[in-house]
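Down below is the structure, laid out as structure tokens.
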2 protein chains.
Amino acid sequence: MKSEKITSPGPPRRWYEDACAAAHALDLLGERWALLVMRELIFGPRRFSELRASLPGISANVLTQRLAGLEAAGVVARRRLPPPASAQVYALTEWGMESEPIFQALGRWAARSPLHDPTLPFSAASLLLSLRTMLDAGRAGELAARIGFRLGEERYLTRLEAGQIAIAAGPVEGADLVLDGAPAVIAAAIYGGQPLEALEAAGALRVEGDRALAARFLTLFPLPPKAGLEKG
Amino acid sequence: MKSEKITSPGPPRRWYEDACAAAHALDLLGERWALLVMRELIFGPRRFSELRASLPGISANVLTQRLAGLEAAGVVARRRLPPPASAQVYALTEWGMESEPIFQALGRWAARSPLHDPTLPFSAASLLLSLRTMLDAGRAGELAARIGFRLGEERYLTRLEAGQIAIAAGPVEGADLVLDGAPAVIAAAIYGGQPLEALEAAGALRVEGDRALAARFLTLFPLPPKAGLEKG
DNA sequence: CTGTATCCGTGTTGATACTG
DNA sequence: CAGTATCAACACGGATACAG
């Protein structure tokens with residue numbers, strides 16, 4: 001008789017057979033799109049369609065698979081919203097939230113890449129995450145401020161204090177400064193050296209509140225030098 | 001006529017169309033095996049066959065592809081050894097070396113995984129990397145020591161000082177303490193709480209030099225608590 | 001011996017269309 | 001809106017054959 005094809009009882013997915021914890025992290029999060037899905041969840045729960053919209057190029061079935069995989073890994077939890085809105089949302093678990101240093105390490109490293117193209121689409125979560133990643137605590141010094149962001153439909157209130165940035169989704173009321181524009185535009189001001197005035201004149205950005213604070217804020221996020229190519 | 005299949009002039013690989021630096025890092029390093037190849041190079045150049053041996057499961061053609069991709073990304077450089085040994089080695093570039101925080105973030109995060117299996121094969125690089133990742137600077141205090149490792153054929157001399165560990169491949173002469181055994185055995189002592197005496201009695205480990213230092217050293221690498229499962 | 005190229009079976013990914 | 005079904009293209013991993 002022919003030998004039956006055994007759907008191996010162990011790992012249905014492909015695992016690295018490696019005790020290294022970093023390799024295990026890649027077992028859990030290393031599939032294509034998985035980390036980007038997590039990135040979009042890091043400032044709060046999101047609906048399926050919101051995730052799809054902020055991840056240009058992901059297809060519905062892959063997003064379904066990734067969410068299921070991340071849920072099985074204990075990284076994402078599915079929540080049903082209270083009765084009024086009967087929609088479902090996906091949220092990071094507490095442990096999932098602790099993945100933020102992974103994004104910071106990846107982002108800090110890739111900021112030196114000669115191939116990095118900052119003109120591609122830029123999600124709100126990416127921008128906020130990049131602020132926390134690239135903030136130069138030395139330059140921030142003792143500066144303390146509440147800075148709000150209006151990014152499309154999304155609202156975030158950030159608190160800069162003691163060289164750190166706390167970020168919360170929600171209304172920007174009471175902020176000392178509010179920046180209103182597409183994530184890519186705000187990134188152009190912070191990382192691309194585009195003058196605020198030019199962006200405002202072009203109608204791409206609105207600055208409300210303390211303009212001196214805005215000018216100072218933009219200087220707090222220096223980029224590292226690009227890596228040079230090395231001879232073989 | 002039929003439309004020709006265009007092998008796109010740019011990168012034939014799949015990119016995330018995303019300006020986020022972390023996403024770009026995944027463009028460069030996110031393919032299967034890529035980060036594990038880099039991990040094996042982080043303490044020094046390696047030959048093709050050495051890489052293959054320390055990466056159980058990788059196939060020759062995939063390793064070739066990854067090395068080529070990492071070279072194109074500017075992360076790995078190919079070097080030809082001086083005449084006597086006419087072999088080729090692969091080494092991380094300076095920028096490639098700066099990826100270590102990525103491994104630390106991944107490893108620190110995955111150490112909390114309930115699914116992590118520490119009994120799988122464990123490479124020398126993984127062990128050394130884990131020491132730098134998990135060292136508790138507070139517990140190390142002002143302890144300073146030179147600790148050598150004999151891991152199969154490989155030799156490493158580490159210097160513990162000021163709550164940090166420097167690691168260099170090379171002879172262990174002059175170390176205050178030398179641990180000689182398979183990486184998995186040393187990991188069992190450090191992370192698994194296996195008593196040194198038992199491992200020595202079993203012939204799996206040799207301890208040379210300052211035994212009191214050995215006992216103290218083993219306590220410097222506490223593991224975080226496992227993440228609990230969260231209700232949906 | 002070291003490293004690369006090619007073929008092939010299989011599983012994963014991604015685009016479109018479709019259903020509850 | 002939230003996914004599932006289907007299918008084509010590609011990536012992975014194993015074997016083998018080839019080049020220096």
Side-chain angles (χ1 to χ4, degrees), chain A residues 2-8 10-18 26-27 29-37 40 45-71 76 78-81 84-91 232, chain B residues 2-8 11-18 26-27 29-37 40 45-72 76-81 83-91 232:
Chain A
K2 299 175 63 174
S3 63
E4 289 283 306
K5 159 104 183 299
I6 301 175
T7 53
S8 59
R13 251 174 61 221
R14 254 186 323 234
W15 300 75
Y16 299 111
E17 296 288 332
D18 194 315
L26 296 171
D27 282 333
L29 314 179
E31 282 179 309
R32 192 164 162 76
W33 293 108
L35 278 166
L36 265 43
V37 169
E40 291 302 313
R46 286 280 180 282
R47 309 238 298 263
F48 188 92
S49 51
E50 296 177 293
L51 291 172
R52 239 195 126 171
S54 17
L55 294 171
I58 198 172
S59 58
N61 53 2
V62 171
L63 180 53
T64 300
Q65 287 175 167
R66 286 304 161 275
L67 288 169
L70 292 172
E71 193 177 3
V76 159
R78 190 179 308 231
R79 301 224 181 95
R80 188 158 289 284
L81 288 183
S86 78
Q88 217 178 185
V89 295
Y90 298 87
Chain B
K2 298 175 63 175
S3 64
E4 290 283 307
K5 161 107 179 298
I6 300 175
T7 53
S8 58
R13 253 175 57 224
R14 261 187 314 236
W15 301 72
Y16 298 113
E17 296 289 331
D18 194 314
L26 296 171
D27 282 333
L29 314 179
E31 282 181 310
R32 191 164 164 76
W33 292 110
L35 279 166
L36 264 43
V37 169
E40 291 302 313
R46 287 277 178 285
R47 308 238 296 263
F48 189 92
S49 51
E50 296 176 294
L51 290 172
R52 242 196 124 171
S54 20
L55 294 171
I58 198 171
S59 58
N61 52 5
V62 171
L63 180 52
T64 299
Q65 287 174 174
R66 285 306 160 274
L67 287 169
L70 292 171
E71 191 177 5
V76 160
R78 190 179 311 229
R79 301 226 182 93
R80 189 159 289 284
L81 288 184
S86 78
Q88 218 177 183
V89 295
Y90 299 87

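Naming: A, B, ... by sequence-line order, numbering from 1 per chain.
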Whole-Å distance separating the CH2 atom of Trp15(B) from the C1' atom of dC10(D): 17 Å
Using a cut-off of less than 4.0 Å, is there contact between a side-chain N or O of Arg46(A) and OP1 or OP2 of dC1(D)? no
Respond yes when some side-chain nitrogen or oxygen of Trp33(B) is under 4.0 Å from OP1 or OP2 of dA11(D), and no when none is. no
May I ask you to test the Arg46(B)-Val89(B) pair for a side-chain heavy-atom distance under 4.5 Å? no
Tell me which nucleotide among dC1(D), dG3(D), dT4(C) gets nearest to the side chain of Tyr90(A). dG3(D)
Which part of the nucleic acid does Thr64(A) contact within heavy-atom distance under 4.0 Å: base, sugar-phosphate only, or nothing? base
Using atom CG of Leu63(B) as one end and atom P of dG13(D) as the other, report the distance to the nearest whole Å. 11 Å
If I take atom CZ in residue Arg80(B) and atom P in nucleotide dT2(C), what distance separates them, rounded to the nearest angstrom? 14 Å
So, OP1 or OP2 of dG13(D): does either fall under 4.0 Å of a side-chain N or O from Arg32(B)? yes
In whole Å, I'd like the distance from the CD1 atom of Ile58(A) to the P atom of dA2(D). 14 Å
Reckon Arg66(B) touches a base, only the sugar-phosphate, or nothing at all at heavy-atom distances under 4.0 Å? sugar-phosphate
Nearest whole Å is fine: how far is dG11(C) P from Glu31(A) CD? 15 Å
To the nearest 0.5 Å, what is the distance between OG1 on Thr64(A) and CZ on Phe48(A)? 3.5 Å
Would the distance check show the side chain of Arg66(B) and the main-chain N or O of Asn61(B) forming a donor-acceptor pair, the cut-off being under 3.5 Å? no
Looking at Arg47(B), I'd like to know whether one of its side-chain N or O atoms comes within less than 4.0 Å of OP1 or OP2 on dT2(C). yes
Which comes earlier along DNA chain C counting from the 5' end, the contact point of Val62(A) or that of Glu50(B), where each point is its nearest nucleotide? Glu50(B)
Return yes if the base of dG3(D) and the side-chain atoms of Asn61(A) contain a donor-acceptor N/O pair under 3.5 Å, otherwise no. no
Please work out if Ser49(B) contacts a base, only the sugar-phosphate, or nothing of the nucleic acid, heavy-atom cut-off 4.0 Å. sugar-phosphate
Backbone N/O of Tyr16(B) and side chain of Asp27(B): donor-acceptor pair under 3.5 Å: yes
Minimal non-hydrogen separation, Arg47(A) against Gln88(A), with atom names: CD-O, 3.5 Å
Leu55(A) CG to dA2(D) P, straight-line distance once rounded to whole Å: 14 Å
To the nearest angstrom, how far is Arg52(B) atom CZ from dC1(C) atom C1'? 13 Å
Nearest to the side chain of Gln88(A), heavy atoms from C-beta on, is which of dG14(C), dA2(D), dG13(D)? dA2(D)
Without decimals, in angstroms, what is the distance between Gln65(A) CD and dA5(D) P? 12 Å
